[in-house]
Amino acid sequence: MKFTDGNWLIREGFKLSTAVQAYDFMVQDQTLTASASTTPLRGRGDMINTTLLTVQFHSPLPGVIGVKLIHFAGTVDHGPNFELASGGDHAVITETEEYAELKSGDLSVRISKGDQWSVDFYRGTQRLTGSAFKSMAHVTDPNGETFMREELDLSVGELVYGLGERFTAFIKNGQIVDIWNKDGGTSSEQAYKNIPFYVTNKGYGVFVNDPGGVSFEVASEKVKKVQFSVPGESIEYFVIDGPQPKDVLDKYTQLTGKPSLPPAWSFGLWLTTSFTTDYDEATVNSFVDGMAERDLPLHVFHFDCFWMREFHWTDFKWDERVFPDPAGMLKRLKEKGLKICVWINPYIGQRSRLFEEGKKNGYLVKKPNGDVWQWNLWQPGMALVDFTNPEACEWFAGYLRELVDMGVDSFKTDFGERIPTDVVYHDGSDPVKMHNYYPYLYNKVVFEVLEEKLGKNEAALFARSATVGGQKFPVHWGGDCYADYESMAESLRGGLSLGLAGFGFWSHDIGGFENTAPVHVFKRWLAFGLLSSHSRLHGSSSYRVPWAYDDEAVDVTRFYTKLKCSLMPYLYDTAVYATEKGVPSMRAMFLEFPDDPAAETLDRQYMLGDSLLVAPVFSESGEVSYFLPEGKWTHLLNGKTVEGGKWQKEKYDFFGLPLYVRPNSILPIGANDTRPDYDFADGVKLGLYQLDEGVTVTRSVRNMKGETELLVTAVREGGKIKLTAEGAGKAFKAAVYGMGEIASVEGGTLNGEGVVEAASFTGKTELVISLK
């Protein structure tokens with residue numbers, strides 16, 4: 001939201017009271033409080049009929065500094081509020097004649113005591129950003145509405161990323177971003193998952209602690225500043241130090257919550273009925289059996305909206321006209337080795353059996369006059385579950401438990417964006433702030449039911465809407481995209497941006513949701529989709545079974561599904577890292593290569609974990625341009641080695657794309673290419689890729705609980721590689737890439753294919769691989 005008219009003027013009708021001079025400082029309970037005058041204080045006469053802004057500096061965690069700017073302190077906080085962690089007493093507060101300072105970890109904030117107000121954030125002696133003279137402000141608009149504003153400096157070459165799942169340009173400089181969840185598809189500035197948090201290539205992040213409508217002007221109103229504002233009388237934000245972008249995400253998710261670990265089965269291929277298609281049990285079986293007949297591994301089957309009767313959404317009741325024996329049907333599907341997902345939303349149509357129950361017991365969101373809030377958009381007479389009411393949560397959860405007991409393993413938690421603001425909530429929450437916060441409560445209820453019924457690390461959603469903290473309830477998908485290359489690319493931008501907000505797992509509709517993709521688009525999207533953290537075939541008005549496109553699409557589906565299953569030892573280790581550090585499975589290139597300026601702008605490629613570079617093909621011809629950072633990279637599929645540090649341009653058929661293994665990597669390949677859930681350590685093949693002299697490389701192979709089953713360390717010294725394995729003692733294999741051939745091996749055997757085989761061992765084993 002803009003308050004100024006160029007550099008010099010204020011917009012007509014607006015009044016700004018800005019911080020211009022520090023008056024005094026107080027210290028209490030590890031909080032440094034400054035009073036900032038909005039007029040120069042030259043004498044006692046200036047202290048009458050003026051405004052003081054109260055600015056509180058504190059630190060919830062080391063390396064994180066919070067700033068709360070207050071105009072009037074008498075306003076009531078009705079909530080909701082984000083659930084944030086706090087790490088005890090660690091801040092150090094000092095004062096000199098020139099400034100007051102609060103230090104937390106390597107991050108410090110200094111507030112000037114001079115004639116001009118300034119707030120500066122430092123990492124050691126390096127200034128990261130700051131709030132300058134007149135940047136903090138209380139604003140009144142022409143209608144008397146009030147806002148609090150802050151402006152933080154951007155330095156030369158500084159780029160801003162994140163702010164949720166945004167489908168606009170990946171770098172946010174020059175954009176106006178309003179944090180307001182909307183159901184707008186993937187082809188506009190609207191977003192399903194708005195997160196008031198950004199990270200910059202300077203190695204710090206900023207989180208605005210407000211679930212309401214935060215408005216960002218990212219180098220747009222003032223090109224050397226990020227401005228953010230909220231309605232009301234106070235604003236709080238946190239500056240989060242790195243020093244690397246990954247470290248920023250670690251601290252941010254320490255503050256707001258780490259992603260949960262999804263079950264291994266959820267990483268397999270999901271197939272759905274699609275949205276408006278006709279289907280019954282026979283149709284479903286034709287899909288499932290058709291996949292098996294074509295040797296297409298399938299792991300999850302999803303029933304979309306019409307598993308329930310039309311006009312009855314949501315009533316959690318199978319449409320008996322087409323599913324007369326739902327429990328039996330689910331049992332039969334599960335006997336085929338499938339997990340089951342069903343679509344739900346938090347809306348209750350007037351014809352739903354839940355409507356009268358919800359109305360009678362006060363479980364539905366109300367109007368100020370006490371009526372149930374309703375409208376006809378999506379479902380006739382639709383109401384909204386009030387998740388601020390604990391009894392309503394339990395009521396909703398009870399129906400979910402019945403479905404889990406019937407055999408459902410997961411829920412697609414659709415919608416949650418079109419939340420009204422002219423309503424009253426059970427707990428008195430501010431309805432404006434509840435608009436964005438609602439999906440947190442909705443997904444939390446559903447996720448906790450799955451954890452309760454199935455166990456920890458066995459819960460997986462397929463969620464569309466989110467806010468801060470939503471990363472605790474994976475998985476999320478990118479919403480309604482078109483079936484073309486442009487939407488494929490915008491989906492990737494959205495997923496990379498969401499990952500920069502602490503979300504570890506993300507998916508998208510392979511082939512696009514709207515329309516039916518041309519065959520070449522579908523095949524290219526298969527490679528992208530099956531090299532994402534989660535993979536789903538889904539559409540709107542047509543089936544997404546591969547043979548509906550052509551025979552080659554079947555072969556392409558098989559190829560990439562089996563590839564993904566074989567990569568599960570690596571992908572699950574990556575997943576555990578996401579839960580520990582808040583670093584996404586699909587990573588923007590600058591996350592892995594923060595010191596390479598060329599990586600800062602890349603948004604058509606990504607790192608899948610720390611070792612695999614993926615560059616989807618966005619063209620019918622198969623031509624693709626991509627950038628390889630420095631080092632010797634090895635193509636996973638064809639073994640070709642390429643020297644990095646420059647752009648590459650190539651052409652691929654549908655069974656290939658730029659998929660390169662990073663130098664100094666151990667890439668574990670599983671012994672099973674038909675399932676995502678198996679014993680990853682048993683018979684795993686460890687690929688040792690281009691190990692530089694003296695560099696020690698490690699890799700964990702996990703079990704399906706996320707525990708380390710096999711810990712491998714390798715170091716190259718001279719013409720030998722020393723490989724140490726610790727853990728469960730299961731047999732494994734090892735191969736070298738980009739370093740010549742193996743001459744001999746101590747501690748194992750060399751087979752005819754040039755692969756080292758290590759027998760089962762007890763506790764720890766060492767191999768010495770000699771190179772030719």
Side-chain angles (χ1 to χ4, degrees), residues 82 161-170 172 175-198 211-216 256 259 275 304-305 343-347 377-378 384 387 411-421 433-444 446-447 460-482 487-510 512-514 532-534 536 538-540 584 586:
F82 296 132
Y161 310 87
L163 296 172
E165 183 192 47
R166 315 214 75 83
F167 306 105
T168 53
F170 181 54
K172 300 303 180 283
Q175 296 185 39
I176 302 167
V177 177
D178 291 323
I179 302 299
W180 196 252
N181 287 355
K182 290 187 177 182
D183 176 6
T186 69
S187 295
S188 76
E189 83 286 357
Q190 296 180 5
Y192 303 102
K193 309 169 189 69
N194 290 266
I195 312 295
F197 168 73
Y198 66 84
V214 185
S215 179
F216 286 87
T256 63
F275 174 31
D304 216 56
C305 310
W343 176 96
I344 62 170
N345 67 189
Y347 309 147
L377 190 60
W378 183 242
L384 187 68
F387 290 111
F411 295 99
K412 174 183 171 180
T413 48
D414 206 353
F415 289 85
E417 304 91 3
R418 293 173 178 168
I419 306 302
T421 58
K433 294 189 176 184
M434 273 298 299
H435 172 86
N436 287 337
Y437 195 74
Y438 187 90
Y440 179 86
L441 298 178
Y442 162 41
N443 284 297
K444 183 174 187 283
V446 182
F447 192 84
L461 306 180
F462 224 86
R464 190 173 76 174
S465 57
T467 188
V468 172
Q471 66 269 13
K472 294 183 287 187
F473 317 124
V475 174
H476 292 80
W477 105 96
D480 300 344
C481 49
Y482 287 100
S487 287
M488 184 175 159
E490 70 201 17
S491 293
L492 176 55
R493 292 196 299 273
L496 295 181
S497 292
L498 185 66
L500 293 169
F503 285 70
F505 310 99
W506 175 82
S507 187
H508 44 96
D509 292 339
I510 294 174
F513 175 74
E514 297 289 352
S532 299
S533 85
H534 286 74
R536 183 180 70 161
H538 180 64
S540 178
M586 299 172 67

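Every residue meeting the salt bridge (Lys or Arg N to Asp or Glu O under 4.0 Å) condition with Arg464, not counting sequence neighbours, appears here in chain and number order: Asp183, Asp414, Glu417, Asp480. Partners of Thr467 under the side chain to side chain donor-acceptor pair (under 3.5 Å) rule, at least two apart in sequence or in another chain, do not exist in this structure. In this view, Trp180 and His435 satisfy the ring pair (Phe, Tyr, Trp, His ring centres under 6.0 Å) rule, not counting sequence neighbours. Qualifying side chain to side chain donor-acceptor pair (under 3.5 Å) partners for His534, counting only residues two or more places apart in sequence or in other chains: Ser266. For the side chain to side chain donor-acceptor pair (under 3.5 Å) test, residues two or more places apart in sequence or in another chain that qualify with Thr256 are Gln471. When the side chain to side chain donor-acceptor pair (under 3.5 Å) test is applied to Asn345, the partners found at least two apart in sequence or on another chain are Thr314, Trp378. Tyr482 meets the ring pair (Phe, Tyr, Trp, His ring centres under 6.0 Å) test with no other residue; sequence neighbours excluded. The ring pair (Phe, Tyr, Trp, His ring centres under 6.0 Å) test applied to Tyr161 returns Phe170, Phe590, not counting sequence neighbours. With sequence neighbours excluded, the residues that form a ring pair (Phe, Tyr, Trp, His ring centres under 6.0 Å) with Tyr440 are Tyr437, Phe473.
Taking each heavy atom of Trp343 and Cys305 in turn, the nearest pair found is CE2-SG, 3.2 Å. The shortest heavy-atom contact between Ala463 and Asn443 is CB-OD1, 3.5 Å. Across all their heavy atoms, Gly164 and Ile195 have their closest contact at CA-CG1, 3.6 Å. The nearest pair of heavy atoms linking Ser465 to Pro439 is OG-CB, 3.1 Å. What you find for Pro196 and Asn194 is that their closest heavy atoms are CD-O, 4.0 Å. When all heavy atoms are compared, the tightest approach of His508 to Ser532 is NE2-OG, 2.8 Å.
The salt bridge (Lys or Arg N to Asp or Glu O under 4.0 Å) contacts involving residues 499-510 comprise Asp509-Arg536, where partners must be two or more places apart or lie in separate chains. Sorted by first and then second residue, the pairs that involve residues 467-478 and meet salt bridge (Lys or Arg N to Asp or Glu O under 4.0 Å), not counting sequence neighbours, are Glu83-Lys472.
Taking 4.5 Å as the limit, some side-chain heavy atom of Asp304 sits within range of a side-chain heavy atom of His538. By the 4.5 Å heavy-atom criterion applied to side chains, Pro346 and Tyr438 are counted as neighbours. Contact check for Ile176 versus Phe216: no side-chain heavy atoms found under the 4.5 Å cut-off.
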- Message: Run the side-chain contact (heavy atoms from CB on, under 4.5 Å) test on Ile344 and Tyr442 for me, step by step, so that the C-alpha distance in whole Å, both residues' side-chain angles and the decisive distance to 0.1 Å come before the verdict.
- Response: CA-CA 11 Å; Ile344 62 170; Tyr442 162 41; 4.0 Å; yes
- Message: What verdict does the side-chain contact (heavy atoms from CB on, under 4.5 Å) test give for Leu163 and Phe197, after you've listed the backbone C-alpha separation in whole Å, the side-chain angles of each residue and the deciding distance to 0.1 Å?
- Response: CA-CA 5 Å; Leu163 296 172; Phe197 168 73; 5.8 Å; no
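Rounding to the nearest 0.5 Å gives a distance of 10.0 Å between CD of Gln190 and CG of Asp178. Distance check, rounded to the nearest 0.5 Å: CZ of Arg418 to OH of Tyr347 gives 7.5 Å. Rounded to the nearest 0.5 angstrom, Ser188 OG and Arg166 CZ are separated by 9.0 Å.
Among Val468, Asn181, Ile419, the one residue that satisfies the side chain to side chain contact (heavy atoms under 4.5 Å, CB included) test with Asn436 is Asn181.
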Could you go through residues 495-506 and list every donor-acceptor pair under 3.5 Å that involves a side-chain atom there, pairing it with any protein atom two or more places apart or in another chain?
{"from": "Ser497", "atom 1": "OG", "to": "Lys172", "atom 2": "NZ", "distance (Å)": "3.2"}
{"from": "Ser497", "atom 1": "OG", "to": "Arg493", "atom 2": "O", "distance (Å)": "3.1"}
{"from": "Trp506", "atom 1": "NE1", "to": "Glu165", "atom 2": "OE2", "distance (Å)": "2.9"}

